[in-house]
K.L.:
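Right, I'll just put the structure down here and ask away after.
When reading the values below, keep in mind they use all heavy atoms of this one structure, side chains included, and skip hydrogens, waters and symmetry mates.
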Amino acid sequence: MTELDPVIHAAARLRITATLATLDPGESIAFPRLRELLDMTAGNLSTHVRKLEDAGYVAVEKTHRGRTPVTYLALTKQGRRAFEDYTDALRSVLGERP
């Protein structure tokens, strides 16, 4: 039986990963924009992003725009591959062919 990646499988992390996967490779999104798109609290989003970052799936870049700190998030190559593998595994579990 195909195993689903437990890091991505949590509903919130799946939503985060799926949203980041819609960006072109090398593109990133500002933390507040992702929070708004997913309708998550900052604390909840931070917790899940940390788990994805620890797994090497999400890159977090902290910078400044003027004097304002800004955090950008992007899917890493490893994260994109993991998401593709996850969706393939899910299709397999559902009996679909990739």
Side-chain angles (χ1 to χ4, degrees):
M1 168 122 172
T2 305
E3 232 177 275
L4 297 172
D5 185 331
V7 174
I8 294 176
H9 192 63
R13 292 192 295 271
L14 178 57
R15 291 174 58 222
I16 293 165
T17 309
T19 302
L20 294 176
T22 65
L23 302 173
D24 290 333
E27 245 189 331
S28 61
I29 187 170
F31 183 91
R33 179 64 181 138
L34 183 62
R35 188 176 60 75
E36 178 185 307
L37 287 172
L38 298 177
D39 193 28
M40 294 174 75
T41 65
N44 194 18
L45 181 56
S46 290
T47 298
H48 289 291
V49 165
R50 174 76 44 117
K51 287 193 183 284
L52 291 165
E53 182 183 22
D54 289 347
Y57 294 174
V58 170
V60 177
E61 179 191 353
K62 295 180 183 275
T63 186
H64 287 81
R65 185 179 304 144
R67 292 180 179 233
T68 307
V70 184
T71 300
Y72 290 100
L73 307 170
L75 212 51
T76 63
K77 281 185 182 179
Q78 180 183 350
R80 193 169 295 277
R81 179 77 245 166
F83 181 69
E84 289 167 1
D85 290 346
Y86 179 88
T87 56
D88 289 346
L90 190 56
R91 285 186 187 100
S92 176
V93 166
L94 295 173
E96 296 180 21
R97 296 188 178 260

K.L.:
At what distance, to the nearest 0.5 angstrom, does CG of L45 lie from CZ of R35?
P.N.:
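Rounded to the nearest 0.5 Å, the CG-CZ separation comes to 8.0 Å.
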K.L.:
Considering the options T87, L94, V93, which one meets the side chain to side chain contact (heavy atoms under 4.5 Å, CB included) requirement together with R91?
P.N.:
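Result for side chain to side chain contact (heavy atoms under 4.5 Å, CB included) with R91: T87.
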K.L.:
Say you draw a straight line from OG of S46 to CD of E53; how long is it, rounded to the nearest 0.5 Å?
P.N.:
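The OG atom of S46 sits 10.5 Å away from the CD atom of E53.
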K.L.:
Step by step, would you call N44 with H48 a side chain to side chain donor-acceptor pair (under 3.5 Å)?
P.N.:
CA-CA 6 Å; N44 194 18; H48 289 291; 3.2 Å; yes
K.L.:
Main chain of G43, side chain of T47: is a donor-acceptor contact present, judged purely on distance under 3.5 Å?
P.N.:
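Answer holds: yes.
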K.L.:
If only atom types and distance count, is the side chain of T17 paired as donor or acceptor with the main-chain N or O of L14 below 3.5 Å?
P.N.:
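No, the answer is negative, given that no donor and acceptor are paired below the 3.5 Å cut-off.
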K.L.:
State, to 0.1 Å, how close L90 and L4 come at their nearest heavy-atom pair, and which atoms those are.
P.N.:
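Minimum heavy-atom separation between L90 and L4: N-CD2, 3.6 Å.
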K.L.:
Strictly distance-based, threshold 3.5 Å: is any side-chain N or O of T76 a donor or acceptor partner for the main-chain N or O of G56?
P.N.:
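Such a contact is found between T76 side chain and G56 backbone.
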K.L.:
When rounded to the nearest 0.5 angstrom, what is the spacing between CG in L20 and CZ in F83?
P.N.:
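The distance works out to 9.5 Å.
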K.L.:
With sequence neighbours left out, write down each residue that passes salt bridge (charged side-chain N to carboxylate O under 4.0 Å, His left out) with E27, or none if nothing qualifies.
P.N.:
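E27 satisfies salt bridge (charged side-chain N to carboxylate O under 4.0 Å, His left out) with no residue once adjacent residues are dropped.
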K.L.:
Which heavy-atom pair separates V7 from A55 by the least distance, and what is that distance?
P.N.:
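The pair with the smallest heavy-atom distance is CG1-CB, 3.9 Å.
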K.L.:
Mind checking whether I29 and V70 sit in one hydrophobic cluster, side chains of I, L, V, M, F, W, Y counted as touching below 4.5 Å?
P.N.:
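Cluster IDs for I29 and V70 differ.
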K.L.:
Counting C-beta onward and ignoring hydrogens, is there a side-chain heavy-atom pair between T19 and L34 closer than 4.5 Å?
P.N.:
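Answer yes - side chains close enough.
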K.L.:
Kindly work out whether a path of hydrophobic side-chain contacts (I/L/V/M/F/W/Y, heavy atoms less than 4.5 Å apart) joins F31 to Y72.
P.N.:
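Each belongs to a different hydrophobic cluster.
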K.L.:
What's the shortest heavy-atom distance between L23 and R80, and which atoms?
P.N.:
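Looks like O-NH2, 3.0 Å.
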K.L.:
State the CG-CD1 distance between L75 and I16, to the nearest 0.5 angstrom.
P.N.:
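Answer rounded to 0.5 Å: 11.0 Å.
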K.L.:
Would you indicate whether D54, at its atom CG, is surrounded by more than 12 heavy atoms from other residues, nucleotides or ligands within a distance under 6.0 Å?
P.N.:
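Yes, because the 6.0 Å sphere around CG of D54 holds more than 12 heavy atoms from other groups.
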K.L.:
Would you say R13's side chain and K51's backbone share a donor-acceptor pair under 3.5 angstrom?
P.N.:
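Such a contact is absent between R13 side chain and K51 backbone.
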